[in-house]
Undergrad: 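Dropping the structure in here first, questions after.
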Amino acid sequence: MLGGGGLVGANVYASATEDGGADSAETLSSPAGTIDCPDVGDKLTDVPEDAKEDVAKELALLDQQIADAYQRLTEAAQAIKQDPGFADNAIMKPLKEKRGATIERIAIAVDRTGDRPEGLDGLADCTLRAPEPDSGDQANGADGEDGAQDNGGDDQNGADQGGQQQGDGGQDAGNGGQAGNGPNAADYQDIKSVQPNVQKPALSSDASRGTFATSCGVNENGLFNSDNVIVAPGVSNGAHHFHDYIGNQSNDAFASDEDLANAETSCVNQDDKSTYYWPVIRLQNGSQEQDANSPGGGIEGNAGEIVTPKEVTLNFVGSPRSKVTEMPRLLRIITGDAKAFINGTANANASWSCTGFEDRQLKDKYPLCPQGSDVVRTFKFQSCWDGTNIDSANHRTHVAFAAADGSCANGFKAIPQLVQRIVYDVNAPSLQDGGKTTPLFAVDSFPEQLHKPVTDHGDFINVFDEKLMGEMVDCINEGRKCGVGADEGDDPGQEEPTEEPTEAPTTPPADDEPEPGDGGNEQTDPPANDDPATEAPETGKPATEKPETEAPANDEPGDDAPAADPADDDKPTMSSTVAPKSDGTPSAAAGDDQAQGGSDDDENAGGAAAQTQPPAEDTEDSLGTKPQAVGGNLAETGATTLWPAAGGAVLLIGGLLVLIRARRSAR
């Protein structure tokens, strides 16, 4: 009887843990819709120096408010089904009031030392875009025709059809998407179905034809955080998604210019202390990472295994029309728009492709690469500078993209253009089953951006030694190849792999699909023919040696009060969620031990999520992010089949009959 009961109990336990178990990452539930808010920061083109710090904190608070509202929206999905007016009354109206108060504080901060900005009052109201009822079918690849019309963010009003069709069926929990928070099947396209679309501007006689390479590794040090020192200095979790960092090793929201100048670097050339960062890519496989229960991570819909790049190349190239001038030290450049799904594509600059197919670039789709080909994401940064400022209020107007012919607008100077190419060894996901067989991959994003590929973006701060910057400019202007690994490698390959695609695209592409960024805005839009992958040769290999850096102290850098606190109604948390600047990423077990309750996102919590620590057992052989799947539960050993339960039941009944007979014989 005991043996039979044990088998039944084991079978019940195994069945309960078969679908992911208690260790699956905590993520947002299926969204009840998408929150569309105007981008206040993009409207601020002139902020006085004395007001910049206060304005940056208030802008970060606006992002926090949207994240909070999105979290409440997903948690209230059942209540919204029962009462359609619940979302408007309980979520959207309070959000508008909070945004209005924050926007007013921004106007006051600017007004203290400059002219009060106009036109901000109408930016407080947000729109709740409801998902379509047939979203579940599309997300699992059943509705390819509709999915083909998902243009990422091509609708300038942010009304992306495919993106809104997430719904309650978005993706299967555990293996699909971000447990309903995107991506969906319509966000992927077979690269072989794309026609070559890369063009290069003609070179004039004054063109600067050289290239300069720097090699800074692939983030084998495991330096991550959800801060953004450019957009939200002094604000923890300002990005609401995790970043990979290479180069400068002192990157967090609280890093000053002096900190950056004195930092260690992962670059082979130690005179390059520049900071290069971008959103991580994750496999949607249910694995827990160090941020699984932290703001910016799992609780904001960024879940799954972080993929370490296979290769990162950083090339600085010249202008097809003129010589280039030196970048000013500490110049900040952001390319792409992390909010392009909501904002529209005026500032979008995503480029996705596959090795061997880089003459064809996708702007609003993730590529399905054939066997033997790797995923490539490429960033071409702005190459025209206003000659005066190292940053601007909206972090865009001090730099610009060149026109289609490669020329800079009047008043702007050509500078070396950073071309950043990141390669990942990830397989084409299985769209027909929502990524269960082969997991989906996607970039981290703000919660409301639903991990759309059009939201991809990159950030750069120039911390080159001035002498080395001068050498770079001379090299480029003289038409030479210089820098670390400059003589190695050729142009990113255009020779197609011989293997057939591992999977035909579930969602056929529209033949005349427009590309983002074709609006012709010389100051903000990259030219349509500005291919990020093929203009410069692939030079430089990632650093193979670990930089000699000391592990930082574990003190949280953000306990000091900000210079000007927001009103008490909705303060951003100022302590840091920066991941430790040391080797390795915690294992699943270690991550469980370190998981912290509460969240920066809860405006009433009053505290920040604790800083996660690397496991004590990590060694130099465990560099980088390790797969963190949970292994060895009973569900994986065969105990979930029916025979153990059936056998247990027979033993249990047999034991009972023996006991009854024995008692009758005794009488």
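We count residues from 1, following the sequence as given.
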Undergrad: Between Gly296 and Ser226, what is the shortest heavy-atom contact and its length?
TA: CA-CB, 4.0 Å
Undergrad: Return the minimal non-hydrogen interatomic distance between Gly247 and Cys267, and the atom names on each side.
TA: CA-SG, 3.7 Å
Undergrad: Is the shortest side-chain N to carboxylate O distance from Asp291 to Arg282 below 4.0 Å?
TA: yes
Undergrad: Among Thr345, Asn343, Asn347, which residue meets the side-chain hydrogen bond (donor to acceptor under 3.5 Å, both in side chains) test with Asp337?
TA: Asn343
Undergrad: So do the side chains of Ser353 and Pro367 get within less than 4.5 Å of each other, counting heavy atoms only?
TA: no
Undergrad: Distance from Gln189 atom CD to Trp352 atom CH2, nearest 0.5 Å?
TA: 14.0 Å
Undergrad: If the plane angle is over 60° it's perpendicular, under 30° parallel, otherwise tilted; pick one for Tyr188 and Tyr366.
TA: tilted
Undergrad: Have Lys363 and Ser351 got a donor and an acceptor in their side chains that come within less than 3.5 Å?
TA: yes
Undergrad: Can you check whether His240's main-chain N or O pairs, donor with acceptor, with Asn302's side chain at less than 3.5 Å?
TA: yes
Undergrad: Is there a side-chain contact between Phe441 and Val307, using heavy atoms and a 4.5 Å cut-off?
TA: no
Undergrad: If you measure from CG on Leu314 to CD1 on Ile422, what distance do you get to the nearest 0.5 Å?
TA: 8.5 Å
Undergrad: Side chains of Phe341 and Glu448, heavy atoms from C-beta outward: is any pair under 4.5 Å?
TA: no
Undergrad: Is there a donor-acceptor contact under 3.5 Å from the side chain of Gln449 to the main chain of Pro447?
TA: no
Undergrad: Would you check, one step at a time, whether the test side chain to side chain contact (heavy atoms under 4.5 Å, CB included) holds for Val280 with His243?
TA: CA-CA 5 Å; Val280 300; His243 286 129; 5.8 Å; no
Undergrad: Without swapping roles, check the side chain of Gln417 against the backbone of Phe381 for a donor-acceptor pair under 3.5 Å.
TA: yes
Undergrad: What is the distance from atom CD of Gln249 to atom CD of Glu264, rounded to the nearest 0.5 Å?
TA: 8.0 Å
Undergrad: Side chains of Glu300 and Asn237: do they bring a donor and an acceptor to under 3.5 Å?
TA: yes
Undergrad: For Asp190 and Ser193, does a side-chain donor sit closer than 3.5 Å to a side-chain acceptor?
TA: no
Undergrad: Are the side chain of Asp364 and the backbone N or O of Val454 linked by a donor-acceptor pair below 3.5 Å?
TA: no
Undergrad: With the side chain counted from C-beta on, respond yes when Asp459 and Trp278 share a heavy-atom pair under 4.5 Å apart, and no when they do not.
TA: no
Undergrad: Could you measure the distance from the CZ atom of Arg332 to the CD1 atom of Ile334? Nearest 0.5 Å is fine.
TA: 10.0 Å
Undergrad: Is the shortest heavy-atom distance from the side chain of Leu440 to the side chain of Pro183 under 4.5 Å?
TA: yes
Undergrad: Looking only at heavy atoms, which two atoms of Pro279 and His241 are closest? And how far apart?
TA: CB-CD2, 4.1 Å
Undergrad: Among Ile333, Leu418, Ile415, Asn349, exactly one meets side chain to side chain contact (heavy atoms under 4.5 Å, CB included) together with Gln382. Which residue is that?
TA: Ile333
Undergrad: Check whether NZ of the Lys or CZ of the Arg Lys310 lies under 6.0 Å from the centre of the six-membered ring of Tyr424 and within 45 degrees of that ring's axis.
TA: no
Undergrad: Would you name the heavy atoms of Ile342 and Ile35 that are closest together and state the gap between them?
TA: CD1-O, 3.7 Å
Undergrad: Is it true that a side-chain atom of Ser274 and a backbone atom of Val463 form a donor plus acceptor pair closer than 3.5 Å?
TA: yes
Undergrad: Between His395 and Val231, is any pair of side-chain heavy atoms under 4.5 Å apart?
TA: yes
Undergrad: With a 3.5 Å cut-off and no angle check, do the side chains of Asn197 and Gln361 form a donor-acceptor pair?
TA: no
Undergrad: Could you tell me whether the side chains of Asn228 and Tyr277 share a donor-acceptor contact shorter than 3.5 Å?
TA: yes
Undergrad: Where do Asp456 and Arg377 land on the salt bridge (Lys or Arg N to Asp or Glu O under 4.0 Å) test, with the steps shown first?
TA: CA-CA 9 Å; Asp456 202 13; Arg377 60 198 288 214; 2.4 Å; yes
Undergrad: Go through the steps to decide whether Lys452 and Asp187 satisfy the test salt bridge (Lys or Arg N to Asp or Glu O under 4.0 Å), and finish with yes or no.
TA: CA-CA 7 Å; Lys452 293 295 180 184; Asp187 293 323; 3.0 Å; yes
Undergrad: Which heavy atom of Cys369 sits nearest a heavy atom of Ile191, and at what distance?
TA: CA-CG2, 4.4 Å
Undergrad: Would you confirm whether Asn221, through its side chain, and Leu223, through its main-chain N or O, come within 3.5 Å as a donor-acceptor pair?
TA: no
Undergrad: Looking only at the aromatic ring of each residue, does the gap between the centers of Phe464 and Phe316 stay below 6.0 angstrom?
TA: yes
Undergrad: Any heavy-atom pair between the side chains of Arg360 and Gln195 that's under 4.5 Å?
TA: no
Undergrad: With no hydrogens and no angle check, just 3.5 Å: does a side-chain donor-acceptor pair link Asp244 and Asn219?
TA: yes
Undergrad: Do the numbers put Lys339 on top of the ring of Phe446, so that NZ or CZ is under 6.0 Å from the six-membered ring centre and no more than 45° off the axis?
TA: yes
Undergrad: Set out, in order, the CA-CA distance, both residues' side-chain angles and the distance that settles side chain to side chain contact (heavy atoms under 4.5 Å, CB included) for Phe401 and Cys384, then state yes or no.
TA: CA-CA 6 Å; Phe401 289 97; Cys384 302; over 6 Å; no
Undergrad: How far apart are the closest heavy atoms of His457 and Thr455, and which atoms are they?
TA: ND1-O, 2.9 Å
Undergrad: Take Ser430 and Gln432, measure what side chain to side chain contact (heavy atoms under 4.5 Å, CB included) needs, and give me the verdict at the end.
TA: CA-CA 6 Å; Ser430 54; Gln432 73 281 357; 3.6 Å; yes
Undergrad: Please report the interatomic distance CD(Gln284) to CD1(Ile281), rounded to the nearest 0.5 Å.
TA: 10.0 Å
Undergrad: Taking atom types as modelled and ignoring hydrogens, do the side chains of Thr214 and Asp272 form a donor-acceptor contact shorter than 3.5 angstrom?
TA: yes
Undergrad: Okay, side chain of His451, backbone of Val443: is any donor-acceptor separation there less than 3.5 Å?
TA: yes
Undergrad: Could you state the interatomic distance from CZ (Phe212) to CG (Asn269), rounded to the nearest 0.5 Å?
TA: 6.0 Å
Undergrad: For Thr378 and Arg421, indicate whether the former's side chain and the latter's backbone hold a donor-acceptor pair under 3.5 Å.
TA: no
Undergrad: Backbone N or O of Ser373 within a donor-acceptor pair of the Thr355 side chain at under 3.5 Å?
TA: no
Undergrad: Evaluate the side chain to side chain contact (heavy atoms under 4.5 Å, CB included) criterion for residues Asn293 and Gln288: first the C-alpha distance (whole Å), next the side-chain angles of each, then the deciding distance (0.1 Å), finally the verdict.
TA: CA-CA 9 Å; Asn293 298 292; Gln288 281 204 339; 4.3 Å; yes
Undergrad: Between Thr275 and Ile461 (side chain of the first, backbone of the second, donor and acceptor by atom type, cut-off under 3.5 Å), is there such a pair?
TA: no
Undergrad: Does a side chain donor of either Asn225 or Tyr245 reach within less than 3.5 Å of an acceptor in the other side chain?
TA: yes
